[in-house]
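This is a predicted model, so every value here is computed, not measured. Reminder, nothing fancy here: chain letters follow the sequence lines and each chain counts from 1.
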Amino acid sequence: MMPPSTARRLCFLSLLLLLLLLAAAASATADAAAAEEFTEELLLRPLPDRKALAHFHFRSSAPPASAAGRHHHLFPKAISQLVQKFHISELELSFTQGRWNYEQWGGYDPMSTNNAKPPGVELWAIFDLPLAEIDATWKNLTHTLSGLFCASINFLESSTAFSAPRWGFKLNEGNLRYGALPREAVCTENLTPWLKLLPCRDKAGIASLLYRPSVYKGYYHSQKLKLKSSQSLGIILDQTLTVVLQPNTVSGKQLHSTGGQLQPSWSMEHLFSKKLSGKCLVSKSSRVFVEIEKGIVDNVDKAGSDVSSNNDLFVLSTAPDRSLKELDNLEVQSSSLYEYDVNNYNSDKPLNVGITWKLPLIWSCTRAPYHASRFLMGSGNERGSIAMSFLSTGLDKQLVDSSNDCSIKAVVFQVVPWYVKVYYHSLEVFIDGNSKAISEVVDKIHVTPSEDKLLPGTMEMLLKFPCSMQLATLTLDFDKGFLHIDEYPPDANQGFDIPSALVSFPEFNSSRSYPEADPLFVSPLLENFKEDGVVKSYTEVLLVPLTTPDFSMPYNVITFTCTVLALYFGSLLNALRRRIGEEERGLKKAGILNKRGLIPLLIAKLRGQKVDPSESESTSPASLPRSKLLLKVVFVAVVAIVFHYLSNS
Amino acid sequence: MAEIAGDETPPLPSSSGAEESSLLSSPPSPTAISGDEPPPRTRKPGTKRLVLTASVLLSFLVGLPLLLKSTEIHRSPLPSDAIADLSRRLQSHPPSFPCGLHAVFLRSGPGSPVASLADQLERAISTQHHLLPASSTAGNISVSVTIQSGGGCTSSTAAASPWRCGLLTAADSVRDDEVFDELLHSALGGRDGDGMKVYTIVIAEDDDGKGTRVVIGKHRHAWVVGKVDEAEALSLIGNVFIKYFMNGGIEEGETGIGKGEFMPVGSDGNVVLSFSLLNADPNDWVYDWEFKNIGERILTPVVEALRPVADINIESQVLYHTPKSSYSYSDDKLGGNVLSMGDIPFFVNSNEWHLDTSISATGRSKVLQFVVYIPSARECPLYLQLPDGELSKTNAFISPMWGGVVIWNPPGCSVGSKKAHGTRRQMSSQELMETLEIFIGQLRQLFGLKPNYHAQGMDVATKFLVSEKGFAQWELDLLYRHHACSNLLSCVATLESLSSLVQSLPRMIVMDEIGRQVCSSTTLAEWIVHGHLLQYFFIYFSATVFDSE
């Protein structure tokens with residue numbers, strides 16, 4: 001009897017324990033979920049071409065709650081309401097000025113993969129809605145964002161401006177919409193509303209470094225807003241700002257002279273004209289990272305010294321609080337990170353991290369397997385072709401063993417406005433200069449042809465290049481369409497921009513890992529770096545000149561029509577009213593018929609009237625009118641001279 | 001003509017003038033032309049020329065309508081006569097609502113009251129209503145009187161309100177006011193007569209020697225306790241009814257409801273109350289609040305009470321680094337920093353206070369901002385000084401149609417208080433509740449009611465019971481009436497101005513859609529003015545929603 005009862009008791013106890021544990025866990029998650037959080041981070045990195053990269057990362061997160069969109073402490077209310085109203089599960093909006101230099105600034109790291117964006121505005125969103133409602137919601141969303149960010153995002157409303165890629169951009173179930181405005185100018189008026197979403201704006205914390213003149217003087221500037229929302233996680237808002245700046249140092253002025261220093265030594269103050277004096281008080285963590293790229297790390301290793309903050313090649317002006325090793329997806333050390341906790345600095349002791357080079361150093365960054373670029377061919381205003389070239393960077397030689405049947409995949413996603421009518425059947429592929437059958441190279445293709453004034457043309461293409469390939473070129477022919485006179489933008493003669501195409505290499509992953517970081521160390525910036533990141537690169541924006549009409553044409557038409565009408569009515573009435581025969585007789589009577597002007601003579605001739613030669617030959621009566629005429633001319637000349645004299649005096 | 005002239009044979013134009021009439025009758029002979037000179041014209045021109053000239057003119061005239069048609073502007077016809085008529089009618093007969101006044105006399109003495117007395121009192125009260133000011137929204141008032149004494153009840157013939165006889169006696173009036181209020185509510189059955197609001201004033205005779213006092217309850221009733229004679233009772237009834245139930249205690253010359261003030265309600269009937277906690281300088285202290293629980297709990301009854309007037313949404317947020325934009329000066333005598341009334345217009349710092357307009361406030365909804373301002377350590381404590389030199393009791397002010405601001409000095413802040421460097425604290429629930437009470441008072445004011453009543457003009461002590469909803473039932477009635485009236489007036493004003501605008505601009509395009517909306521809203525407004533749709537009075541008219549797009 002006893003054993004069963006003890007067993008039952010045990011069972012009961014264990015159940016109780018389990019319940020308790022569950023309750024504790026639930027309360028713990030409730031506690032953890034109750035708070036909204038904000039973190040701010042900044043990553044600085046010297047670039048090989050004497051510039052410096054600064055990447056600001058702010059994360060605000062709101063737990064899933066019934067009061068979402070209504071009651072907030074740190075999370076911006078506007079964003080929460082936006083997510084609620086438009087049922088957004090993911091959204092990314094970027095404003096970019098300048099073009100990311102994939103050759104010099106890197107093409108195979110999380111920064112270029114996730115934060116290099118095409119010029120202008122790019123917006124994509126995934127909706128948590130039935131497919132039929134998505135287009136209408138997208139239109140409302142563009143208008144809301146346009147108001148929120150003080151930009152012309154509302155131009156993405158028209159169905160000719162956005163597309164719904166299925167797999168070329170991001171794998172989805174048809175609930176993704178993508179739109180880009182390549183010509184949108186980005187400036188402070190877009191940055192200010194973006195900063196308003198941060199609890200401290202630019203009044204305190206890392207964002208206070210954003211001194212506008214230095215930020216907008218940079219070579220590349222991309223501000224991004226990324227939203228993720230789900231029932232379980234709540235809303236996570238990542239705001240990033242990536243800028244490439246020229247350090248404003250004295251030695252920086254001699255950069256272009258060959259005798260100068262190869263790399264300028266710089267600090268935060270040189271980049272932003274400001275020092276960092278403390279964190280935003282409501283932020284959970286506030287960190288600054290300095291990233292030293294693989295190229296430099298390898299050089300330091302070669303020099304035989306340890307990669308610390310003070311080694312044979314460079315020295316960091318402030319000793320870091322922590323240093324981390326970064327491994328790429330092949331578990332090879334790629335770069336080292338030095339971390340500074342802004343908590344330890346205040347206005348009395350501001351943080352001014354800098355790097356000073358001890359030896360001149362040349363290094364290069366890691367590049368994507370192919371350098372993709374896009375250009376136009378052909379001339380004239382009628383037709384042309386788009387060409388896309390893939391130039392091998394030699395990376396694949398290191399990564400992939402060059403066996404015969406090895407291949408590298410590349411996905412191309414390109415949206416073309418309807419007035420550039422692409423003939424997709426004219427796709428031609430050249431590999432190392434030789435024309436290839438499309439089936440050899442193109443693995444999968446999905447094309448949505450454009451419809452006039454209704455749909456843009458979308459092309460998603462999975463390509464397979466042989467590993468040994470040096471250069472691949474794709475060409476597509478197109479005809480240029482005609483727009484209605486109202487549809488031309490101001491300054492239509494400048495040409496029309498075709499948004500950047502996106503090339504991604506699904507077999508290459510730029511994610512990083514940090515084996516030495518302790519598990520309690522949570523950094524949203526590094527979390528983003530850890531995320532699965534397929535190597536991507538955007539091509540150039542194309543500028544297509546279109547035939548522009550003579551915009552003054554309507555006025556010309558009006559004037560011509562009016563002239564013709566006036567001529568018609570005038571001559572008709574003239575012909576009806578005038579009695580030429582009588583006039584002639586009258587003139588004959590006066591004997592001055594022979595002095596008819598050229599035009600009446602011509603008319604008379606046209607009418608078949610005989611001009612009496614004898615009349616015109618009689619010269620004696622004509623001498624008097626001739627002297628009259630002379631008198632008239634003299635009179636007019638005198639009047640003119642008098643007038644001239646009077647007006648001058 | 002040139003072609004004709006080309007083949008030599010036809011008549012020459014030079015001669016045609018002379019032989020016009022002969023041309024009509026017989027073809028001209030070539031000999032007549034080539035030969036000697038034709039005779040000068042002696043006759044008047046014939047009809048042929050006239051016909052030709054007329055045909056040219058005619059062709060031009062035929063083209064004229066085409067030209068006019070091509071430059072025509074589409075103007076949808078607007079019912080401008082009906083609109084003018086409507087506005088005239090509204091001016092001569094302002095919209096009014098029927099309501100009832102029920103006077104109940106509770107007599108302690110035994111014996112059944114005389115039936116004729118009730119009718120007599122009814123007539124006496126009715127005569128007083130000529131005192132009603134013209135601006136009042138109350139229309140025909142039906143008066144009824146019930147007299148209850150120990151022996152039973154007598155009602156006047158027109159008694160509209162059910163009075164449960166004997167449920168309440170004059171002796172009950174000595175009880176607690178709150179309790180008596182509820183008793184009265186139950187005695188009156190707690191419901192209205194058919195669609196008509198009936199206000200009850202109970203005269204409870206009671207000579208406990210404390211004197212006469214008037215209590216105005218939370219529902220649609222008030223009572224008078226004390227020893228009052230008939231004439232005094234009648235004047236009290238008239239006073240209470242007109243002054244409070246009909247006019248909300250607003251005197252002539254005061255601003256408030258019904259005095260040209262608009263209610264802060266969007267034309268789609270939505271109001272967003274946006275509560276913001278502003279930390280002027282988080283370097284000194286950071287305060288947070290538990291608005292979600294406490295705020296919702298306190299404000300939900302208010303929102304429910306106001307639902308017939310407006311659909312209210314509540315939002316809250318906490319903002320940081322939001323200094324005020326006006327100066328305050330330190331006053332040692334008052335022990336703090338003082339902000340004078342003159343600086344208040346510059347207090348709201350629109351550069352730094354990004355009190356977002358809400359996305360949920362779509363279209364034409366109204367957003368009312370309620371701001372709790374926490375001063376920085378440097379300017380703490382911060383007080384508002386009234387023009388008479390006194391400090392404001394609530395330390396708060398309102399801005400009509402915008403919202404209200406409360407300056408909340410955190411506990412333990414005094415001149416020279418040390419910076420509690422960046423500490424994060426929570427506003428205690430008690431403090432939050434007090435702040436919210438001030439906000440409810442501000443909301444009443446924004447809606448045009450008095451924040452609190454003084455018994456001005458009443459020669460007896462008057463007490464007002466405060467509802468937990470923030471608005472008493474009779475105050476809500478006042479709001480409904482006023483809201484309906486102002487909606488109707490603004491609708492007609494919009495229609496009128498639109499119609500006069502369209503008339504004054506003959507080249508203005510009027511779309512069909514606009515014309516249709518104007519027609520439908522005019523019809524609707526006409527119905528309402530004629531009283532056909534009284535029960536739908538709170539419909540919002542589409543007319544107020546559009547302007548000439």
Side-chain angles (χ1 to χ4, degrees), chain A residues 36 65-67 69-82 84-86 140 144 147-148 192-193 196-204 278-282 346-347 565 568-569 572-573 575-586 588-589 603-610, chain B residues 1-2 4-10 12-19 34 37-38 40-41 45 49 52-53 56-57 59-60 63 274-277 279 281-283 286 288-293 295-296 313-322 352 354 356-360 362 421-424:
Chain A
E36 291 171 2
S66 55
R70 295 199 294 129
H71 301 294
H72 289 284
H73 302 269
L74 282 171
F75 197 83
K77 195 171 78 177
I79 294 296
S80 177
Q81 288 176 346
L82 186 98
Q84 297 272 317
K85 184 163 182 177
F86 299 113
N140 287 334
T144 312
L148 259 179
T192 310
K196 254 168 73 172
L197 303 177
L198 305 174
C200 290
R201 306 200 295 293
D202 57 347
K203 300 284 167 199
K279 66 168 198 169
C280 168
L281 278 158
V282 288
N346 52 37
S347 51
L565 276 176
Y568 166 72
F569 279 108
L572 194 65
L573 282 171
L576 284 166
R577 290 296 303 164
R578 274 183 78 183
R579 293 165 183 162
I580 296 165
E582 264 179 46
E583 274 171 26
E584 273 173 5
R585 269 198 304 279
K588 256 182 202 167
K589 255 182 199 161
I603 290 167
K605 192 124 195 163
L606 278 171
R607 290 179 179 188
Q609 198 177 31
K610 273 186 200 158
Chain B
M1 269 189 176
I4 299 167
D7 52 345
E8 296 301 316
T9 41
L12 284 171
S14 60
S15 62
S16 67
E19 293 171 349
S34 58
E37 206 154 293
R41 185 188 185 102
R49 177 172 297 227
L52 271 173
T53 315
V56 172
L57 193 71
S59 73
F60 179 74
S274 170
F275 292 85
S276 310
L277 180 69
N279 287 288
D281 191 354
N283 290 322
V286 183
D288 202 348
W289 59 5
E290 197 44 56
F291 194 90
K292 196 170 88 186
N293 302 331
E296 293 261 299
N313 290 307
I314 294 170
E315 290 174 1
S316 78
Q317 60 182 342
V318 185
L319 302 176
Y320 309 89
H321 295 281
T322 49
E352 306 283 353
H354 46 283
D356 284 328
T357 51
S358 173
I359 290 183
S360 61
T362 47
H421 193 80
T423 46
R424 295 180 73 171

Between the CG atom in B:Asp288 and the CG atom in A:Leu74, the distance rounded to the nearest 0.5 Å is 7.5 Å
Can you tell me how the ring of B:Phe60 sits relative to the ring of A:Phe569, calling it parallel under 30°, perpendicular over 60° and tilted otherwise? perpendicular
query: Quick one: does A:Leu281's side chain get under 4.5 Å of B:Arg424's, heavy atoms only?
result: no
The reported gap from NE2 in A:His71 to CH2 in B:Trp289 (rounded to nearest 0.5 angstrom) is 9.5 Å
Whatever's closer than 4.5 Å to a heavy atom in chain A on B:Leu277 counts as neither
CZ of A:Arg70 to CZ of B:Phe275, rounded to nearest 0.5 Å, is 12.0 Å
task = Verify, without hydrogens or angle tests, whether A:Arg201 (side chain) and B:Tyr320 (backbone) share a donor-acceptor contact under 3.5 angstrom.
result = yes
Rounded to the nearest 0.5 angstrom, the SG-CG distance for A:Cys200 and B:Leu319 is 11.0 Å
Side chains of A:Lys77 and B:Glu315, heavy atoms from C-beta outward: is any pair under 4.5 Å? yes
Checklist line | Note, B:Gln317 side chain near A:His73 side chain (heavy atom, < 4.5 Å) | finding: no
Could you tell me whether the side chain of B:Glu352 reaches within less than 4.5 Å of the side chain of A:Lys203, counting heavy atoms only?
yes
Review point. Hey, does A:Pro193 have a side-chain heavy atom less than 4.5 Å from the side chain of B:His354?
Key: no
